[in-house]
Amino acid sequence: MVTKDLLGKLLVRRLGKKIISGKIVEVEAYIGPKDRASHAFGNKKTKRNEAEYLIGGHIYIYLVYGMHWQFNIVTGKEGSPECVLIRALEPAVANRHECSTRLDSPVKARRANDTNKKFVKIRDKLVKISELTNGPGKLCKWLGLNKSFNAEDLAESQRIWLEDGAKIKKEQIIASKRIGIDYAGKYWANKKWRFYIKDNKFVSKL
DNA sequence: GTACAGATTGAG
DNA sequence: TCAATCTGTACT
């Protein structure tokens with residue numbers, strides 16, 4: 001399954017001259033027309049979700065709750081609306097002591113061995129690095145993603161792309177229920193299509 | 001046209 | 001616990 005293969009890969013973003021990246025540590029699969037929780041349930045196609053029908057490797061990004069972006073990677077064939085929601089990243093800043101964001105100039109994180117004690121400054125607020133990308137809305141904010149990235153091809157883009165990272169062992173991958181889709185009914189809501197890396201501090205929820 | 005719910009987050 | 005506030009859908 002493509003979904004699990006994304007775990008451990010590096011999502012790389014170019015912001016001007018700066019390049020920031022994060023390891024994908026949490027994903028959710030949405031498998032198209034049959035999936036009641038998918039935006040493309042019943043082959044539904046609207047202006048919002050039409051990027052989902054592109055060939056795998058494109059980006060599908062949309063807004064929820066009027067304020068948060070959700071970053072998805074399309075995984076299906078053309079016309080086959082399947083995608084993977086990226087729920088959490090482990091930012092490279094966690095290992096490097098440095099960070100840059102579109103929201104603020106680069107700031108050095110406080111040196112500390114424990115990730116939970118490292119901070120970066122965003123809009124004059126200190127944010128725990130471990131709180132930076134542990135949620136689908138948060139990671140989009142950190143990477144400065146918005147509607148303009150919709151339908152962008154990850155293989156062609158000069159501002160965002162994927163790189164291979166450390167391979168994640170099967171034993172390290174946990175499967176669980178997807179989040180926030182109770183409206184889809186028990187059958188679909190209970191599908192274990194959320195995958196995350198065991199013991200990773202950046203996963204949004206246990 | 002109006003009403004409403006949602007793949008969330010952060011403040012109080 | 002709740003407000004923020006965009007988008008598509010299902011109504012009138």
For this session: Would you mind classifying the nucleic acid contact of Lys147(A) as base, sugar-phosphate or nothing, using non-hydrogen atoms under 4.0 angstrom?
Result: sugar-phosphate
Exercise. When all nucleic acid strands are considered with a 4.0 Å heavy-atom cut-off, which category describes Asn49(A): base, sugar-phosphate, or nothing?
Worked result: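 Answer is nothing: Asn49(A) stays at 4.0 Å or more from every strand.
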Nearest whole angstrom, please: distance from the [atom2] of [N] to the [atom1] of [X].
X: Trp69(A); N: dT5(C); atom1: CH2; atom2: P; result: 14 Å
X: Tyr30(A); N: dG6(B); atom1: OH; atom2: C1'; result: 11 Å
X: Asn150(A); N: dT7(C); atom1: CG; atom2: P; result: 11 Å
X: Ile61(A); N: dC6(C); atom1: CD1; atom2: P; result: 16 Å
X: Glu131(A); N: dT8(B); atom1: CD; atom2: C1'; result: 14 Å
X: Trp142(A); N: dT9(B); atom1: CH2; atom2: C1'; result: 18 Å
X: His68(A); N: dT5(C); atom1: NE2; atom2: P; result: 11 Å
X: Met67(A); N: dA11(B); atom1: CE; atom2: P; result: 11 Å

Problem set entry | Distance, C1' atom - from dG10(B) to dT7(C), rounded to whole angstrom | 22 Å
Exercise. So does Glu163(A) have more than 12 non-hydrogen atoms from other groups sitting under 6.0 Å from CD?
Worked result: yes
For this session: Take Asp35(A) and Arg178(A) through the test salt bridge (Lys or Arg N to Asp or Glu O under 4.0 Å) and record every step on the way to the result.
Result: CA-CA 12 Å; Asp35(A) 184 355; Arg178(A) 291 179 290 178; 2.7 Å; yes
Exercise. Between dT8(B) and Lys141(A), is there an OP1 or OP2 to side-chain N/O distance shorter than 4.0 Å?
Worked result: no
Exercise. Think Arg87(A) has a side-chain N or O under 4.0 angstrom from the OP1 or OP2 of dT8(B)?
Worked result: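 Checking dT8(B) against Arg87(A), a side-chain N or O does come within under 4.0 Å of OP1 or OP2.
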Exercise. What is the minimum heavy-atom distance between Val74(A) and Leu54(A), and which atoms define it?
Worked result: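 Closest approach of Val74(A) to Leu54(A), heavy atoms only: CG1-O, 3.2 Å.
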Exercise. Do the charged groups of Arg87(A) and Glu28(A) touch, with an N to O distance under 4.0 Å?
Worked result: yes
Exercise. Got a salt bridge between Lys198(A) and Glu171(A), using NZ or NE/NH1/NH2 to carboxylate O under 4.0 Å?
Worked result: no
Look at the side chain of [X] and decide which nucleotide, out of [options], has an atom nearest to it.
X: Thr46(A); options: dG10(B), dG8(C), dT8(B); value: dG8(C)
X: Lys138(A); options: dT8(B), dG8(C), dT9(B); value: dT9(B)
X: Tyr65(A); options: dC6(C), dT8(B), dT9(C); value: dT8(B)
X: Leu63(A); options: dG10(B), dT8(B), dC6(C); value: dC6(C)

For this session: Give none if dT5(C) has no partner; otherwise give the nucleotide forming a Watson-Crick or G-U wobble pair with it, both distances under 3.5 Å.
Result: none
